[in-house]
Amino acid sequence: MSIFLSMRGSRPGQPIGLQIARTAKTLSRAFDQALSRSGGSLPVWLVLMSLKGERHGQQGDLAAAVGIEGPTLTHHLNRMEAQGMVVRSRDPGNRRVQRVELTAKGHALFGRLLQEVIEFDRSLRKGISEAELSTLRALLDRLRENVTDDSAAEVKP
């Protein structure tokens with residue numbers, strides 16, 4: 001139980017999941033602040049990035065790619081459309097499907113946000129070697145696999 005008594009900072013006995021969750025929250029806030037300096041947010045960046053790659057023109061596919069529910073995406077798209085960043089139209093082949101496209105203003109915002117993303121990434125990498133980054137990526141992948149692997153969820157006697 002002493003492992004849970006002192007959970008401030010990065011202590012050797014601190015549960016790794018808690019340390020990662022706290023770090024993720026701090027990084028997420030800092031990333032969102034960086035994006036907001038150029039008029040964006042994480043959801044806006046994810047939408048713009050998906051549309052810029054032209055991989056997800058249908059609203060339903062876009063929601064899955066961004067990792068949010070359809071109604072939440074609709075809220076973001078309504079705001080982005082009102083600001084002139086995207087346009088939506090019905091798919092001529094299937095009127096139930098909405099297509100989403102970037103406008104010139106959306107492309108411009110993407111460019112500004114991309115610069116923030118590059119700078120944020122550069123600041124995160126300070127003092128970290130390529131070998132350390134490779135190790136970090138492998139460890140993060142393994143942690144993600146550990147919580148998504150069906151065998152990890154089984155209760156063992």
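We use all heavy atoms of the structure for the numbers below, so side chains are in, but hydrogens, waters and symmetry mates are not. No experiment lies behind these values; they were computed from the predicted model shown.
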Over all heavy atoms of both residues, which pair between [X] and [Y] is shortest? Give the atoms and the distance, please.
X	Y	value
Q33	S36	O-OG, 2.8 Å
S38	L113	CB-CD2, 3.8 Å
Q83	K105	O-NZ, 2.9 Å

With E119 via side-chain contact (heavy atoms from CB on, under 4.5 Å) - residues at least two apart: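 In terms of side-chain contact (heavy atoms from CB on, under 4.5 Å), with neighbours along the sequence ignored, E119 is linked to R122.
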ring-ring contact (aromatic ring centres under 6.0 Å, His included) pairs, two or more places apart, involving residues 61-90: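 Applying ring-ring contact (aromatic ring centres under 6.0 Å, His included) to every pair that reaches into residues 61-90, excluding sequence neighbours, yields nothing.
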Check: W45 ring centroid to F31 ring centroid under 6.0 Å: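 Between F31 and W45, which both carry aromatic rings, the centre distance is not below 6.0 Å.
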Criterion side chain to side chain contact (heavy atoms under 4.5 Å, CB included) against V100, the qualifying member of L77, D61, V47, L73: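 So, applying the side chain to side chain contact (heavy atoms under 4.5 Å, CB included) to V100 and each of L77, D61, V47, L73, only L77 qualifies.
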Tell me whether [X] shares a hydrophobic cluster with [Y], the cluster being built from Ile, Leu, Val, Met, Phe, Trp, Tyr side chains joined at under 4.5 Å.
X	Y	value
I128	I118	no
L27	L139	no
L114	L42	yes
L124	L35	yes

Pairwise salt bridge (Lys or Arg N to Asp or Glu O under 4.0 Å) hits with a residue in residues 68-87, at least two apart: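 Listed once each, the pairs are E81-R88.
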Qualifying salt bridge (Lys or Arg N to Asp or Glu O under 4.0 Å) pairs with a residue from residues 129-141, counting only residues at least two apart or across chains: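 Residue pairs with at least one partner in residues 129-141: R125-E130, D141-R144.
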Listed partners of T23 passing side chain to side chain donor-acceptor pair (under 3.5 Å), at least two apart: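 Not a single residue meets the side chain to side chain donor-acceptor pair (under 3.5 Å) criterion with T23.
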Interatomic spacing from CE in M85 to CG in L102 - rounded to 0.5 Å: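 Output value for this atom pair is 10.0 Å.
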Student check: side-chain heavy atoms of L51 and E101 closer than 4.5 Å: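 Result no, sub-4.5 Å side-chain heavy-atom pair not found.
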R37 and E116, any side-chain heavy atoms less than 4.5 Å apart: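 Yes, close enough: below the 4.5 Å cut-off.
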Residues which pass salt bridge (charged side-chain N to carboxylate O under 4.0 Å, His left out) with R112, listed by chain and number, not counting sequence neighbours: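 Checked R112 against salt bridge (charged side-chain N to carboxylate O under 4.0 Å, His left out); zero matches.
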Test item: S50 side-chain N/O and L62 main-chain N/O as donor-acceptor pair under 3.5 Å: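 Side chain of S50 to backbone of L62: no pair is present.
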